[in-house]
Trainee: 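Supplied in C-alpha cells, the structure appears directly below.
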Amino acid sequence: MRRSVLLVPVADERLWSVRMGGVRWICGFTDETALARFALHHGPGDQPVIYAALLGARIVDEIVPALGEPAGLAVDIATEDGSMFFPPVSGIVPDAVAVDRGAGEEGAER
C-alpha cells in the first residue's frame, strides 16, 4: 500500500472521505476501473470525477495526521471482495496519531 499510487476522488477541493465507526476513512482506488465503480454510486452525476494520484505512504504519513481526528485509508471500497482497510493504528499511521497508543504513554501526542 505504501508504494502504490492510489486515486483519491476530490470534492470541494478536499479528498473524499467517509466517517464510520468513529474513524474518518480516506477513500483511495487502485485504478480507474475501481474508481469508476465507486463513481457510479457516489459520483457527481454525469460530471467527470476529479481525483488526485497519491502514494499510499503520503496519505497515511502526511494527510492522515493533518486531519486532527482518527483517520485511516480505505482502498477499493466499491470492489466486491476486494476492499482493504488500513486503520489508524501503530504500524500503519504515525504513532503520534495511532488510536492504539495509550493516552498516558510518555511522549505520546494526542
Trainee: Which heavy atom of P65 sits nearest to which heavy atom of D61, and what is that distance?
Mentor: CG-O, 3.3 Å
Trainee: If you measure from CD1 on I59 to CZ on R2, what distance do you get to the nearest 0.5 Å?
Mentor: 11.0 Å
Trainee: Identify whether V60 and V99 are in the same connected component of the hydrophobic contact network (ILVMFWY, side-chain heavy atoms under 4.5 Å).
Mentor: yes
Trainee: Give, for atom CD1 of I92 and atom CE of M1, the distance between the pair rounded to the nearest 0.5 Å.
Mentor: 6.0 Å
Trainee: Are the side chains of P88 and V97 in contact, using a 4.5 Å heavy-atom criterion?
Mentor: no
Trainee: Hey, what do you get for OG1 (T79) to CG (D31), rounding to the nearest 0.5 Å?
Mentor: 7.5 Å
Trainee: Near I50 CD1, under 6.0 Å, is it more than 12 heavy atoms from other residues, nucleotides or ligands?
Mentor: no
Trainee: Would the number of heavy atoms belonging to other residues, nucleotides or ligands and lying under 6.0 Å from CD of E32 be above 12?
Mentor: no
Trainee: Tabulate below the donor-acceptor pairs under 3.5 Å that side-chain atoms of residues 4-18 make, not counting sequence neighbours, or state none.
Mentor:
| unit_1 | atom_1 | unit_2 | atom_2 | d |
| --- | --- | --- | --- | --- |
| S17 | OG | R24 | NE | 3.0 |

Trainee: What about V89 and F86, same hydrophobic cluster or not, with Ile/Leu/Val/Met/Phe/Trp/Tyr joined at side-chain heavy-atom distances under 4.5 Å?
Mentor: yes
Trainee: Can you tell me if CE on M20 sees more than 12 non-hydrogen neighbours from other groups inside 6.0 Å?
Mentor: no
Trainee: Sequence neighbours left out, cut at 3.5 Å: what donor-acceptor pairs do the side chains of residues 71-78 make with other protein atoms?
Mentor:
| unit_1 | atom_1 | unit_2 | atom_2 | d |
| --- | --- | --- | --- | --- |
| D76 | OD1 | T30 | N | 2.9 |
| D76 | OD1 | T30 | OG1 | 3.4 |
| D76 | OD2 | T30 | OG1 | 2.7 |

Trainee: Classify the ring geometry of F85 against W25: parallel below 30°, tilted from 30° to 60°, perpendicular beyond 60°.
Mentor: perpendicular
Trainee: So which atom in D95 and which in S90 form the shortest heavy-atom distance, rounded to 0.1 Å?
Mentor: OD1-OG, 3.1 Å
